[in-house]
Amino acid sequence: DTGVSQDPRHKITKRGQNVTFRCDPISEHNRLYWYRQTLGQGPEFLTYFQNEAQLEKSRLLSDRFSAERPKGSFSTLEIQRTEQGDSAMYLCASSLGSVQGGSYEQYFGPGTRLTVT
Amino acid sequence: DQQVKQNSPSLSVQEGRISILNCDYTNSMFDYFLWYKKYPAEGPTFLISISSIKDKNEDGRFTVFLNKSAKHLSLHIVPSQPGDSAVYFCAAPRGDQFYFGTGTSLTVIP
């Protein structure tokens, strides 16, 4: 399977704990996106990487959230001191683009469902 | 600030008939639009797109229409099949950010 993978698929944690999610994009894709989706809503943009550089962050991404993409391959999203409002589906997507602009078509992973109790 | 809106949360259509899913946007700077389909427990998958220089794009049973003056786009599926039952999202990129609608859940009744 050469699609986007995410791990874990489900995570239940207690409020105040830290969690980390991993995303493995399609290998030749240089762009990687993180989204959050809550019930009844569409995916909401969180942040975006071009190779290893984090180029854009949403205002939704509070100081408790941090994302990395070392070496421009897989990415991690960490949430510190989780709150019940963080409960959501966290989606990762990748695309093949260039600095001059590229395909807008994103390939999504299956998501990580986070439940904060 | 919901820049891309899908005002119909759900739609039911008989198999073989046409499904029409609607999407409105507020940002006149959007120049590209995409439709994604999402099955339960899976991530969204790309379906079809349209550039603002066009008013129609067709791919098999799927056609997207764009009305720039009304800031409105629609996805037509004809004929509808039970396998089309899913949640459909419209989306628009602006810079490196993508803005998604809230989705319309389509049920195709056999």
Side-chain angles (χ1 to χ4, degrees), chain A residues 1 3-7 9-10 21 23-26 29-51 53-61 89-113, chain B residues 1-10 21-27 29-54 57 59 62 64 66 73 75 86-105:
Chain A
D1 185 9
V4 179
S5 61
Q6 292 186 245
D7 183 69
R9 294 290 304 273
H10 303 272
F21 309 141
C23 170
D24 286 271
I26 293 172
H29 285 183
N30 56 353
R31 294 183 172 183
L32 187 148
Y33 302 80
W34 283 100
Y35 292 87
R36 181 174 68 188
Q37 185 177 15
T38 53
L39 194 63
Q41 299 296 315
E44 296 174 292
F45 171 85
L46 291 178
T47 190
Y48 149 70
F49 291 85
Q50 170 97 5
N51 300 310
Q54 188 174 15
L55 296 185
E56 191 139 2
K57 293 167 62 173
S58 164
R59 289 170 294 176
L60 294 174
L61 211 66
M89 175 74 81
Y90 289 85
L91 293 163
C92 173
S94 69
S95 70
L96 183 62
S98 65
V99 174
Q100 290 75 26
S103 169
Y104 285 121
E105 184 177 333
Q106 298 182 349
Y107 294 81
F108 282 83
T112 295
R113 181 166 295 284
Chain B
D1 179 21
Q2 194 72 27
Q3 299 192 40
V4 179
K5 302 177 183 178
Q6 293 175 259
N7 293 319
S8 298
S10 62
L21 296 95
N22 294 304
C23 179
D24 298 290
Y25 60 96
T26 57
N27 191 336
M29 300 298 288
F30 288 146
D31 58 8
Y32 199 86
F33 302 90
L34 307 94
W35 284 94
Y36 285 83
K37 179 168 74 172
K38 185 182 184 303
Y39 292 118
E42 295 183 12
T45 55
F46 170 75
L47 191 58
I48 192 170
S49 63
I50 188 167
S51 166
S52 62
I53 62 173
K54 296 183 176 181
N57 188 27
D59 183 2
F62 303 91
V64 56
L66 175 62
L73 63 155
L75 174 67
V87 178
Y88 290 78
F89 295 97
C90 63
R94 182 69 190 145
D96 292 319
Q97 286 206 26
F98 279 71
Y99 297 87
F100 282 79
T102 52
T104 296
S105 178

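Here is the naming used below: chain letters follow the sequence lines, and residue numbers restart at 1 for every chain.
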### Task
Mind ranking Gly42(A), Gly40(A), Cys92(A) by heavy-atom pairs under 4.5 Å with chain B and telling me who comes out on top?
Gly42(A)
#### Entry: Any residue meeting salt bridge (Lys or Arg N to Asp or Glu O under 4.0 Å) with Asp24(B), in chain and number order, not counting sequence neighbours
none
### Task
Decide if the gap between the ring center of Phe100(B) and the ring center of Tyr35(A) is smaller than 6.0 angstrom.
yes
### Query
Which atoms form the tightest heavy-atom contact between Gln41(A) and Thr102(B), and what is the distance?
OE1-CG2, 3.6 Å
## Note on the structure
To the nearest 0.5 Å, atom CG of Leu47(B) lies from atom CD of Glu105(A) at 10.0 Å
### Query
Looking only at atom types and distance, does a side-chain atom of Tyr48(A) sit under 3.5 Å from a main-chain N or O of Phe98(B), one as donor and one as acceptor?
no
### Task
Side chain from CB out, backbone as N, CA, C, O: work out which of these in Gln6(A) comes under 4.5 Å of a heavy atom of chain B, or both, or neither.
neither
### Task
Measure across Gly43(B) and Leu91(A) and return the closest heavy-atom pair with its distance rounded to 0.1 Å.
CA-CD2, 4.3 Å
### Part of Arg9(A) within contact of chain B (heavy atom distance under 4.5 Å)
side chain
### Where Phe108(A) and Pro44(B) come nearest, the two heavy atoms and their spacing
CB-O, 3.3 Å
### Query
Among Gln97(B), Lys38(B), Glu42(B), which residue forms the greatest number of heavy-atom pairs with chain A at distances under 4.5 Å?
Gln97(B)
### Query
Above 12 or not: heavy atoms from other molecules or residues under 6.0 Å from OH of Tyr107(A)?
no
